[in-house]
K.L.:
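I am attaching a structure below and will ask some questions about it afterwards.
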Amino acid sequence: MAEIPYRFVTDSRVEELIAHHADLEAGQETDNVVTIAGRLMLRRVQGKLAFATLDDGSGRIQLFAPSKTTPEFDKFCDLNLGDWVGVTGVVMTTRRGELSVRVDSWVLLAEARRPFPDKWHGITDVDTRYRQRYVDLWVTPEARQTFLMRSRMMSLTRSFMEHRGFIEVETPIFHPIPGGANAQPFTTHHNALDLDLYLRVAPELYLKRLTVAGFDKVFEIGRVFRNEGLSTRHNPEFTMLELYQAYADYDDIMNLVEELVEHLALELTGSTVLMVGDRELDVARPWRRATMIELIEESIGVTLSLEMSIDELRAVAVEHGVPFKDSFGSGKLILEIYEKTTESALWGPVYVTEYPAEVSPLAREHRNKPGMTERFEAILAGRELCNAFSELVDPDQQRSRFEDQAAQNAGGDAEAMMVDEDYLRALEYGLPPTGGLGIGMDRLAMLLTGATSIRDVVLFPTLRPER
RNA sequence: GCGCCUCUAGCUCAAUUGGCAGAGCAUCGGACUCUUAAUCCGCAGGUUCCGGGUUCAAGUCCCGGGGGGCGUACCA
């Protein structure tokens, strides 16, 4: 029985070995002795000479094992695909010119007791790929690439924010009152406090409390939870970037978002032109900015306004097959008409600006247009990427918006907000003019990697349990 | 939630009209000192997602259930 060591120290990564020996000619042996470790992906035993392919996560390199010099040659030949091994030996090339590490000593680091998937076809069954991601990531190079890109995206985003003077904070995930978005929350319970709690649907209200506290540029990157349906664009837990910048308005935030996305595209793909499915999306600045009213007009040729009577708006809805409830006010009707007739046709990048206050309970009223707010969403590749606004800073107006929401909640709308008295108290201490933003980082990762399903950018997507 | 599609060996896939469940890879045994998805010979590997039904006979047809995908609804 082989002894599995507790520790194994490598001195090289395959990626580096390949880069440093690019011009080594066939049949050469260097005096460079290296130690590497990884997983056995292929094996070609030829009697008294064996070849194997080792993958250490950074790349693949051939192992060259002649019976004369390889310790325990027979056992080496008995290794299974998927086994982890550590190898020390000289860097060399074979007669055919394949860069290799000669196996001067080796040790088994882990045994693969289960057979690995077909070495050529890998796994195609998406169910298995999502459920057994630990296998998928080894055998599906595109999956590995996607998650490496996602990791770099998060890291680049953090440094982008920090270079602009933002500080990263962490706010509660357990909320006694869910808030910051219209979404159904998950519920849980704390035993010692005998307290019902909600998993947050957004960090928004806590972050603005921090702006009140004098942190003038804050951001948080964290998981939020929404108890709603699953789709190629929705996972019940997903990662949100939210930021709040004091003294800024929604125009400043639009500038920031397009700078961030352009920067990430260039760093990660080298181009501002992204491929989404078989369609291109150019995220180069500046992005188009158009109001919701303008976009609806382009789409259906009708200029809506909050001054129109509710009957006029309902008539437009009926004419275009947009369902509505009697409880909908003018603002909600306009939003519904936009979503059903216009939004799905947008490709972007485009900023959709000026949302009705009725459907924007945390956004500040437009400086020139009563009943509208200084809010925008960005549409990229036909998907909503972010939601942002000049923040509502007036505690009295906020209370009245909360009360409208609470009435809808009481009326059966499980996604409507509740009154958050502590948040109102915070506003009473003074929230300066502030621009705020929320970006779905999973959707951003989809854009940058070209993924068509959110499950392809979430390591362990929510699934029903097996059996 | 609704509609359509799908589920066969560890993996990738076959199986004619309803007629003995098969192949490649992996695993196991054997041969081979420059291979590249190595090759060659051999063994083994199955609750055909589950449960009913029709039939002389069901992987195949019918009904019910389950997993998954896509669409739709919901979801800023």
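Per chain, numbering begins at 1; letters A, B, ... match sequence-line order.
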K.L.:
Go through B/C74, B/U33, B/U36 for me and flag the one nearest to the A/Leu49 side chain.
P.N.:
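Nearest to the side-chain atoms of A/Leu49, counting from C-beta on, is B/U33.
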
K.L.:
Taking only side-chain nitrogens and oxygens of A/Thr232, does any of them come within less than 4.0 Å of OP1 or OP2 of B/C70?
P.N.:
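So the side-chain polar atoms of A/Thr232 never come under 4.0 Å of the phosphate oxygens OP1 or OP2 of B/C70.
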
K.L.:
C1' atom, B/A9 versus B/G22: distance in rounded Å?
P.N.:
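The same atom, C1', in both gives a distance of 10 Å.
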
K.L.:
When you compare B/A37 with B/C63, how far apart are their C1' atoms, in angstrom units rounded to a whole number?
P.N.:
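Nearest-Å result for B/A37 against B/C63 at atom C1': 45 Å.
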
K.L.:
Which part of the nucleic acid, if any, lies within contact of A/Pro361, taking any heavy atom under 4.0 Å across all strands shown: a base, the sugar-phosphate backbone alone, or nothing?
P.N.:
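Base: the residue A/Pro361, judged by heavy atoms under 4.0 Å, touches a nucleobase.
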
K.L.:
Applying side chain to side chain donor-acceptor pair (under 3.5 Å) to A/Asn235 and A/Arg455, what does each step give before you reach the verdict?
P.N.:
CA-CA 8 Å; A/Asn235 197 58; A/Arg455 295 188 195 89; 5.6 Å; no

K.L.:
Report the nucleotide, chosen from B/U36, B/G68, B/A38, that has the shortest atom-to-atom distance to any side-chain atom of A/Asp127.
P.N.:
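Nearest to the side-chain atoms of A/Asp127, counting from C-beta on, is B/G68.
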
K.L.:
Do A/Gln62 and A/Thr94 have a side chain donor and acceptor closer than 3.5 Å?
P.N.:
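No, because no side-chain N or O of A/Gln62 sits under 3.5 Å from a partner of the opposite role on A/Thr94.
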
K.L.:
Crowded around A/Glu15 CD? As in, over 12 foreign heavy atoms under 6.0 Å?
P.N.:
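At most 12 heavy atoms, drawn from other residues, nucleotides or ligands, come within 6.0 Å of this atom.
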
K.L.:
Looking at A/Gln184, does any N or O in its side chain come under 4.0 Å of the phosphate oxygens OP1/OP2 on B/C74?
P.N.:
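So the side-chain polar atoms of A/Gln184 never come under 4.0 Å of the phosphate oxygens OP1 or OP2 of B/C74.
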
K.L.:
Would you say A/Ile293 and A/Leu304 make side-chain contact, with heavy atoms under 4.5 Å?
P.N.:
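Touching, per the 4.5 Å side-chain cut-off.
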
K.L.:
Once you round it to whole Å, what is the distance between P of B/C2 and CG of A/Leu230?
P.N.:
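Spelled out: CG on A/Leu230 to P on B/C2 is 16 Å.
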
K.L.:
Mind checking A/Tyr355 for me? I need base, sugar-phosphate or nothing, with any heavy atom below 4.0 Å counting as a touch.
P.N.:
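Since no nucleic acid heavy atom lies under 4.0 Å of A/Tyr355, the category is nothing.
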
K.L.:
Tell me the partner of B/G3, counting only Watson-Crick (N1-N3 plus N6-O4 or O6-N4) or G-U wobble (N1-O2 and O6-N3) with both under 3.5 Å; none if nothing fits.
P.N.:
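Here B/G3 is engaged in a pair, and the nucleotide opposite it is B/C70.
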
K.L.:
What integer number of Å spans the C1' atoms of B/G29 and B/G68?
P.N.:
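Result for the C1' pair: 38 Å, nearest Å.
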
K.L.:
Between A/Asn80 and B/A26, is there a side-chain N or O to OP1/OP2 distance below 4.0 Å?
P.N.:
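No, outside the criterion.
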
K.L.:
Looking at B/G69, I'd like to know if its phosphate oxygens (OP1 or OP2) sit under 4.0 Å from a side-chain N or O belonging to A/Arg455.
P.N.:
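It does, given that an N or O in the side chain of A/Arg455 lies less than 4.0 Å from OP1 or OP2 of B/G69.
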
K.L.:
Select one nucleotide: of B/C34, B/U36, B/C74, the one nearest the side-chain heavy atoms of A/Glu98.
P.N.:
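Selected nucleotide (nearest to the side chain): B/U36.
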
K.L.:
Is the shortest side-chain N/O distance from A/Asn227 to OP1 or OP2 of B/C74 below 4.0 Å?
P.N.:
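So the side chain of A/Asn227 is outside the cut-off, no N or O lying under 4.0 Å from OP1 or OP2 of B/C74.
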
K.L.:
Verify the contact: side-chain N or O of A/Lys119 to OP1 or OP2 of B/A26, cut-off strictly under 4.0 Å; return yes or no.
P.N.:
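The answer is yes; a side-chain N or O of A/Lys119 sits under 4.0 Å from OP1 or OP2.
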
K.L.:
For A/Arg233 and B/C74, give me the distance from atom CZ to atom P, rounded to whole Å.
P.N.:
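Between P of B/C74 and CZ of A/Arg233: 13 Å.
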
K.L.:
Would you mind pulling out the nucleotide paired to B/G64, Watson-Crick or G-U wobble, both distances under 3.5 Å?
P.N.:
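The answer is B/C50, by the H-bond criterion.
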
K.L.:
May I ask you to check whether A/Tyr198 and A/Phe174 place their ring centres under 6.0 Å from each other?
P.N.:
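No, ring centres 6.0 Å or more apart.
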
K.L.:
When the P atoms of B/G65 and B/C4 are compared, how many Å lie between them, rounded to an integer?
P.N.:
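The answer is 13 Å between these two P atoms.
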
K.L.:
Can you list the residues that meet the ring pair (Phe, Tyr, Trp, His ring centres under 6.0 Å) rule with A/Tyr338, with sequence neighbours excluded?
P.N.:
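Residues passing ring pair (Phe, Tyr, Trp, His ring centres under 6.0 Å) with A/Tyr338: none at all.
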
K.L.:
Which residue in the set A/Trp347, A/Tyr351, A/Phe376 passes ring-ring contact (aromatic ring centres under 6.0 Å, His included) when paired with A/Trp287?
P.N.:
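Among the candidates, only A/Tyr351 passes.
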
K.L.:
Who is the Watson-Crick or G-U wobble partner of B/U36, with both distances under 3.5 Å?
P.N.:
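Checking every strand shown, B/U36 finds no partner, since no pair has both distances under 3.5 Å.
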
K.L.:
Out of B/U33, B/G68, B/A26, which has the shortest distance to the side chain of A/Leu463?
P.N.:
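Nearest listed nucleotide: B/G68.
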
K.L.:
What's the closest nucleotide to the side chain of A/Tyr130 if the choices are B/U33, B/A38, B/G69?
P.N.:
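The listed nucleotide nearest to A/Tyr130's side chain is B/G69.
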
K.L.:
So, is A/Arg43 near the phosphate of B/U27, with a side-chain N or O under 4.0 Å from OP1 or OP2?
P.N.:
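Indeed, a polar side-chain atom of A/Arg43 lies that close.
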
K.L.:
Please give the distance between the C1' atoms of B/G1 and B/A44 as a whole number of Å.
P.N.:
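The same atom, C1', in both gives a distance of 47 Å.
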
K.L.:
CD of A/Glu336 versus P of B/A73: gap in Å, rounded?
P.N.:
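Rounded to the whole Å, the gap is 11 Å.
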
K.L.:
Provide the distance between the two P atoms, one in B/A15 and one in B/C49, to the nearest whole Å.
P.N.:
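Here B/A15 and B/C49 have their P atoms 15 Å from each other.
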
K.L.:
Please report, rounded to the nearest Å, how far the P atom of B/C25 is from the CE atom of A/Met41.
P.N.:
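Computing the A/Met41:CE to B/C25:P distance gives 18 Å.
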
K.L.:
As a test of reading the structure: which of B/C34, B/A37, B/C75 is closest to the side chain of A/Leu42, going by heavy atoms?
P.N.:
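Per side-chain heavy atoms of A/Leu42, the pick is B/A37.
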
K.L.:
Rounding to a whole Å, what distance do you find between A/Glu343:CD and B/C75:C1'?
P.N.:
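One finds 11 Å between C1' of B/C75 and CD of A/Glu343, rounded.
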
K.L.:
Determine whether A/Asp456 and A/Tyr130 satisfy the following criterion, side chain to side chain donor-acceptor pair (under 3.5 Å), listing intermediate values before the conclusion.
P.N.:
CA-CA 8 Å; A/Asp456 291 328; A/Tyr130 297 150; 3.1 Å; yes

K.L.:
How many Å lie between CG on A/Asp74 and C1' on B/A31, as a whole number?
P.N.:
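Going from A/Asp74 (CG) to B/A31 (C1'), I get 14 Å.
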
K.L.:
So what's B/A44 paired with, Watson-Crick or G-U wobble, going by both distances under 3.5 Å?
P.N.:
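Across any shown strand, B/A44 pairs with none.
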
K.L.:
Using a 4.0 Å heavy-atom cut-off, does A/Val139 contact any base of the nucleic acid, only the sugar-phosphate backbone, or nothing at all?
P.N.:
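Touches nothing.
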
K.L.:
With sequence neighbours left out, what residues match A/Arg131 under side chain to side chain donor-acceptor pair (under 3.5 Å)?
P.N.:
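Partners of A/Arg131 by the side chain to side chain donor-acceptor pair (under 3.5 Å) criterion, ordered by chain and then number, come out as A/Asp127.
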
K.L.:
Strictly below 4.0 Å: does A/Arg131 bring a side-chain N or O up to OP1 or OP2 of B/G68?
P.N.:
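True: A/Arg131 side-chain N/O within range (under 4.0 Å) of B/G68 OP1/OP2.
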
K.L.:
Is there a Watson-Crick or G-U wobble partner for B/U16 with both distances under 3.5 Å, and if so, which one is it?
P.N.:
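Partner of B/U16: none found under 3.5 Å.
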
K.L.:
Check nucleotides 6-11 of chain B against the protein and report each pair of N or O atoms closer than 3.5 Å, with its distance, or say if there are none.
P.N.:
{"from": "B/C11", "atom 1": "O2'", "to": "A/Asp118", "atom 2": "N", "distance (Å)": "3.1"}
{"from": "B/C11", "atom 1": "O2'", "to": "A/Gly122", "atom 2": "O", "distance (Å)": "2.8"}

K.L.:
Please give the distance between the C1' atoms of B/G24 and B/U39 as a whole number of Å.
P.N.:
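These two C1' atoms come out 14 Å apart once rounded.
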
K.L.:
Is there a donor-acceptor contact under 3.5 Å from the side chain of A/Arg43 to the main chain of A/Ala52?
P.N.:
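It does not hold such a pair.
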
K.L.:
Starting at CG of A/Asp78 and ending at C1' of B/A26, how long is that distance when rounded to a whole Å?
P.N.:
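Spelled out: CG on A/Asp78 to C1' on B/A26 is 15 Å.
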
K.L.:
Taking the six-membered ring of A/Phe402 (Phe, Tyr or Trp), confirm whether the NZ or CZ of A/Arg399 is under 6.0 Å from its centre and within 45° of its axis.
P.N.:
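Verdict for A/Phe402: no cation-pi partner in A/Arg399.
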
K.L.:
Can you work out whether A/Trp120 or A/Asn387 has the more 5'-proximal nearest nucleotide on RNA chain B?
P.N.:
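The residue whose closest nucleotide sits nearer the 5' end is A/Trp120.
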
K.L.:
Say you pick atom C1' in B/U17 and the same atom in B/C13; how far apart are they, in whole Å?
P.N.:
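Their C1' atoms lie roughly 23 Å apart.
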
K.L.:
Could you state the CG-P distance from A/Leu63 to B/U36, rounded to the nearest angstrom?
P.N.:
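It works out to 16 Å between those atoms.
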
K.L.:
Report the base-pairing partner of B/C25 (Watson-Crick or G-U wobble, both distances below 3.5 angstrom), or none.
P.N.:
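When the pairing criteria are applied, B/G10 turns out to be the nucleotide that pairs with B/C25.
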
K.L.:
Please tell me if A/Arg464 has a side-chain N or O lying less than 4.0 Å from either OP1 or OP2 of B/G66.
P.N.:
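For B/G66, neither OP1 nor OP2 has a side-chain N or O of A/Arg464 closer than 4.0 Å.
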
K.L.:
Under a 3.5 Å cut-off for both distances, is B/U55 Watson-Crick or wobble paired, and to whom?
P.N.:
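Check on B/U55: unpaired, no WC or wobble geometry under 3.5 Å.
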
K.L.:
Using a heavy-atom cut-off of under 4.0 Å over every strand shown, decide if A/Arg95 touches base, sugar-phosphate, or nothing.
P.N.:
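Here A/Arg95 touches the bases of the nucleic acid.
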
